[in-house]
Undergrad: 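Handing you a structure now.
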Amino acid sequence: RFAPSPTGYVHVGSLRTALYNYLFARHTGGVNILRIEDTDQTRYVEGAVENLLRTMEWVGITFDEGPVHGGDCGPYTQSERTDIYRKYADELVANGKAYPCFCSAERLDRVRKEMQAAGQPPMYDRHCRNLSADEVKAKIDAGEKYVIRLRVPLGETITFTDLIRDDVSFESKTIDDQVLLKSDGFPTYHLANVVDDKLMKITHVIRGEEWLSSTPKHVLLYRAFGWEADMPKFAHLPLLLNPDRSKLSKRQGDVAVEDFKTQGYLPQALVNFVALLGWNPSDTQEIYSIEELIASFDLEKVNKAGAVFGREKLDWMNAEYIRKMSVDELFPIVKPLADARGYSVSDEYLKKVITLMQERVRTVTDFVDFSSYFFKAPTEFDEKSKAKNWNADAVERLTELLPKFNELTDWTHTNIEQVVRTYAEAKGISAGKLIHPIRLSVSGVGMGPSLFELLETVGKDEVLKRIEYALSVLK
RNA sequence: GGCCCCUUCGACUAGUGGUUAGGUCACCACCCUUUCACGGUGGUUGCACGGGUUCGAAUCCCGUAGGGGUCACCA
């Protein structure tokens with residue numbers, strides 16, 4: 001299962017967790033479940049679930065059960081299951097595995113500070129752990145607010161097996177008496193997660209490494225409920241890291257999947273890239289279709305160490321995917337981008353642009369951002385190229401070349417090239433002496449696709465207009 | 001700070017006792033070439049450190065160092 005909290009955007013780390021759950025479920029013929037963990041009312045964000053669903057669809061991750069997919073273990077949204085958690089929390093209190101705690105936030109705060117000052121790890125001092133039944137009843141009758149805490153057994157070693165890290169052990173004395181049910185009646189992550197995993201028959205918990213140190217609490221909960229036999233297998237994925245090796249965060253760059261979409265990354269490329277961060281099928285292949293990822297996915301081959309989310313390889317991979325796509329596949333993606341920039345050209349024209357730019361872009365937005373000269377005449381000219389290629393000779397030659405272009409009735413790149421080369425030969429100069437100034441005057445920049453195809457695509461009239469304009473404004 | 005996890009080129013990684021430590025990205029050089037790309041060829045760079053075990057250690061063990069995560073009525 002993938003069990004995100006709907007707090008806004010989808011983090012690429014979440015994307016990878018979702019992806020690994022998906023790959024694992026598909027590889028093993030299992031069931032992929034989506035569960036919405038919205039037990040924190042204060043963090044509710046309007047539209048977050050819709051955004052999540054849209055994102056999952058964009059990257060191609062599908063679910064068999066979930067809030068909109070249905071299933072036998074619903075509802076799949078935790079805020080709709082509060083009665084269930086309450087019932088299980090009560091059960092734990094009834095058999096002594098948990099207890100009500102009436103401590104105020106202020107007292108908790110003070111206790112933590114005192115412990116820290118004393119050089120101790122900040123933990124709850126278990127003040128309410130041994131209240132008598134009468135005391136509890138009196139406080140509840142008096143209307144005092146309370147939470148339910150897990151009665152963590154003292155002096156035990158809790159060991160569990162992680163599919164990626166093998167056995168991991170914790171001393172129970174280092175584990176806090178975790179709050180299970182908040183005073184607003186909502187469960188904490190720990191309770192809701194364990195109860196739902198059990199009720200939804202979850203076999204494998206695949207989540208980020210930040211949960212590793214919470215896992216003994218979950219193991220304790222399974223024991224408290226007597227569900228040890230049904231405990232899922234755990235797999236804690238290595239974290240995705242910033243370039244400075246801290247946990248990948250918004251502060252150091254883009255982390256939202258939707259950011260990558262707007263920046264022109266293809267979902268296949270993003271999925272391919274993220275899949276290979278922390279896992280590798282161990283051969284020399286780099287480009288994998290989703291089917292290939294499913295076929296070779298193996299949890300036990302997931303790395304232990306965190307992986308830096310480096311953009312360079314993502315850029316390369318995205319470019320690789322763009323190059324492999326057909327123009328007709330690219331067109332529906334590029335078209336809206338061109339429209340959004342107000343470039344109104346025919347479909348045929350846009351397809352030509354795509355063809356010429358395909359090997360030169362890294363993202364799909366580059367198609368429109370690096371090729372503005374296909375859509376409008378340049379008004380500025382690259383200084384470097386100007387300094388290198390524009391001089392009195394160039395002006396004279398272009399002025400002479402202009403009528404020859406004008407005489408050309410069949411405006412194809414081969415004909416244009418012939419005109420240019422014939423003229424260069426007659427003048428006893430290299431074709432480059434013409435090509436570079438023409439490129440500059442027509443595109444305004446010193447780089448780009450094959451000049452002759454560029455000229456053909458832009459069209460004869462427009463080319464003549466641009467060269468005349470450049471001759472008039474460039475010195 | 002306590003606890004837990006981790007450590008192969010700048011980045012992602014292959015490697016499970018015997019390899020000239022391999023691949024990809026990035027970088028550099030050269031080739032191709034009208035530019036930029038693409039493509040091709042070649043190259044620089046790495047087993048954190050110190051002890052063991054062993055005929056032999058990137059691989060096994062123990063330390064040290066470094067990095068990270070976590071210690072909420074957030075997930």
Undergrad: Does A:F273 have its ring centroid less than 6.0 Å away from the ring centroid of A:F309?
TA: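 Yes; A:F309 has its ring centre under 6.0 Å from that of A:F273.
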
Undergrad: Restricting to salt bridge (Lys or Arg N to Asp or Glu O under 4.0 Å), what partner residues turn up for A:K352, sequence neighbours left out?
TA: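 With neighbours one apart ignored, the set is empty.
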
Undergrad: Specify the separation, in whole Å, of atom CG of A:D298 and atom C1' of B:A14.
TA: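 So the CG-C1' distance, A:D298 to B:A14, works out to 15 Å.
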
Undergrad: For the base of B:C5, is there a side-chain donor-acceptor partner from A:K304 under 3.5 Å away?
TA: no

Undergrad: Determine whether the side chains of A:D167 and A:T161 contain a donor N or O and an acceptor N or O closer than 3.5 Å.
TA: yes

Undergrad: So what does A:P6 touch, heavy atoms closer than 4.0 Å: a base, only the sugar-phosphate, or nothing?
TA: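 Nothing, no nucleic acid heavy atom in range.
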
Undergrad: For B:G63, which nucleotide is its Watson-Crick or G-U wobble mate, given both distances must be under 3.5 Å?
TA: B:C49

Undergrad: Using atom names, set out every protein N or O paired with an N or O of nucleotides 68-72 of chain B below 3.5 Å, distance rounded to 0.1 Å.
TA:
residue : atom : partner : partner atom : Å
B:G69   : OP1  : A:K247  : N            : 3.1
B:U70   : OP1  : A:K247  : NZ           : 2.8
B:U70   : O4'  : A:S213  : OG           : 3.4
B:U70   : O2'  : A:S213  : OG           : 3.2
B:A72   : OP2  : A:R112  : NE           : 3.2

Undergrad: With a 4.0 Å limit, can you tell me whether A:K182 has a side-chain N or O closer than that to the phosphate oxygens OP1/OP2 of B:A75?
TA: yes

Undergrad: Does NZ in A:K250 sit with more than 12 non-hydrogen atoms of other residues, nucleotides or ligands closer than 6.0 Å?
TA: yes

Undergrad: Assert yes or no for the condition that the ring centre distance of A:Y321 to A:W316 is strictly below 6.0 Å.
TA: no

Undergrad: At under 4.0 Å between heavy atoms, what does A:K384 touch on the DNA or RNA strands: base, sugar-phosphate, or nothing?
TA: nothing

Undergrad: Between A:D366 and A:R362, is there a donor-acceptor pair closer than 3.5 Å when you use the side chain of the first and the backbone of the second?
TA: yes

Undergrad: Can you tell me, in whole Å, how much space there is between the C1' of B:G43 and that of B:G22?
TA: 16 Å

Undergrad: Between B:A11 atom P and A:D315 atom CG, what is the distance in whole Å?
TA: 18 Å

Undergrad: What is the base-pairing partner of B:A72, counting Watson-Crick and G-U wobble geometry with both distances under 3.5 Å?
TA: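 Here B:A72 is not engaged in any pair, so there is no nucleotide opposite it.
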
Undergrad: How far, in whole Å, is B:U24 from B:A14 if one measures between their C1' atoms?
TA: 11 Å

Undergrad: Using the C1' atoms only, state how far B:C60 lies from B:G18, rounded to an integer number of Å.
TA: 15 Å

Undergrad: How long is the line joining CG of A:N280 and C1' of B:U16, in whole Å?
TA: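 For the pair A:N280 CG and B:U16 C1', the rounded distance is 16 Å.
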
Undergrad: Does the ring centre of A:F381 sit less than 6.0 Å away from the ring centre of A:W390?
TA: no

Undergrad: Go through it in stages, so that I can follow the logic: the residues are A:E425 and A:R421, the test is salt bridge (charged side-chain N to carboxylate O under 4.0 Å, His left out), and I'd like the CA-CA distance, side-chain angles, deciding distance and then a yes or no.
TA: CA-CA 6 Å; A:E425 213 169 307; A:R421 291 199 187 280; over 6 Å; no

Undergrad: Can you check the distance between B:G46 and B:A26, where both ends of the measurement are the C1' atom (answer in whole Å)?
TA: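 So the two C1' atoms sit 15 Å from each other.
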
Undergrad: Suppose we screen for salt bridge (Lys or Arg N to Asp or Glu O under 4.0 Å). Which residues come up paired with A:E37, at least two apart in sequence or across chains?
TA: A:R35

Undergrad: Using a heavy-atom cut-off of 4.0 Å across all strands, would you classify A:R165 as base, sugar-phosphate, or nothing?
TA: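 It contacts sugar-phosphate atoms only.
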
Undergrad: I want to verify a distance call: between B:A14, B:U24, B:A11, whose nearest atom is closest to the A:E286 side chain?
TA: B:U24

Undergrad: Take the protein atom CD of A:E312 and the nucleotide atom C1' of B:A11, then report the distance between them rounded to whole Å.
TA: 7 Å

Undergrad: Between A:F297 and A:Y20, is the ring centre distance below 6.0 Å?
TA: yes

Undergrad: Which comes earlier along RNA chain B counting from the 5' end, the contact point of A:A307 or that of A:D38, where each point is its nearest nucleotide?
TA: A:A307

Undergrad: Near RNA chain B, under 4.0 Å by heavy atom, which residues of residues 265-278 of chain A?
TA: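 Within residues 265-278 of chain A, the residues near RNA chain B are A:L276, A:L277, A:G278.
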
Undergrad: Ignoring hydrogens and angles, state whether a donor on the side chain of A:Y76 or A:D196 is under 3.5 Å from an acceptor on the partner side chain.
TA: no

Undergrad: Please give, in whole Å, the distance from B:C6 P to A:L240 CG?
TA: 18 Å

Undergrad: Take the protein atom CZ of A:R35 and the nucleotide atom P of B:A75, then report the distance between them rounded to whole Å.
TA: 13 Å

Undergrad: What is the per-nucleotide protein-contact pattern of nucleotides 34-41 of chain B, from the 5' end, where B denotes a base atom under 4.0 Å from a protein heavy atom, S denotes such proximity for sugar-phosphate atoms only, and - denotes neither?
TA: BBBBS---

Undergrad: Take atom P in B:G42 and the same atom in B:C47, then report the distance between them in whole Å.
TA: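 Approximately 25 Å lies between the P atom of B:G42 and that of B:C47.
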
Undergrad: Give me the distance, rounded to whole Å, that separates B:U7 from B:U59 when you measure between the C1' atoms they each carry.
TA: 14 Å

Undergrad: Under a 3.5 Å distance rule, please check whether A:D197 uses its side chain to pair with a backbone N or O of A:P232 as donor and acceptor.
TA: no

Undergrad: I need the CG-P distance between A:L108 and B:C74, as an integer number of Å.
TA: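 In whole Å, B:C74 P and A:L108 CG are 11 Å from each other.
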
Undergrad: Not counting sequence neighbours, which residues clear salt bridge (Lys or Arg N to Asp or Glu O under 4.0 Å) with A:K384? List them please.
TA: none

Undergrad: When rounded to the nearest Å, what value does the distance between P atoms of B:C12 and B:U19 take?
TA: 26 Å

Undergrad: Give me the distance, rounded to whole Å, that separates B:U33 from B:G39 when you measure between the C1' atoms they each carry.
TA: 11 Å

Undergrad: Does a side-chain N or O from A:T39 land closer than 4.0 Å to OP1 or OP2 of B:A75, or not?
TA: yes

Undergrad: When the nearest nucleotide of RNA chain B is assigned to A:E171 and to A:K145 on a heavy-atom basis, which residue is associated with the more 5' position?
TA: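 Result of the comparison: A:E171.
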
Undergrad: Over all strands shown, is A:S183 touching base, sugar-phosphate only, or nothing at heavy-atom distances under 4.0 angstrom?
TA: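 It contacts base atoms.
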
Undergrad: Students often get this wrong, so: under 4.0 angstrom with heavy atoms, is A:N303 touching a base, only sugar-phosphate, or nothing?
TA: sugar-phosphate

Undergrad: Would you mind reading off the distance between A:I158 atom CD1 and B:C5 atom C1', rounded to a whole angstrom?
TA: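 So the CD1-C1' distance, A:I158 to B:C5, works out to 17 Å.
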
Undergrad: My understanding is that only one of A:R149, A:R151, A:R129 makes a salt bridge (Lys or Arg N to Asp or Glu O under 4.0 Å) with A:D177; could you say which?
TA: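 Result: among A:R149, A:R151, A:R129, A:R129 is the only option passing the salt bridge (Lys or Arg N to Asp or Glu O under 4.0 Å) with A:D177.
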
Undergrad: Counting any heavy atom closer than 4.0 Å, what does A:E37 reach on the DNA or RNA strands: base, sugar-phosphate only, or nothing?
TA: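 Contact class for A:E37: sugar-phosphate only.
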
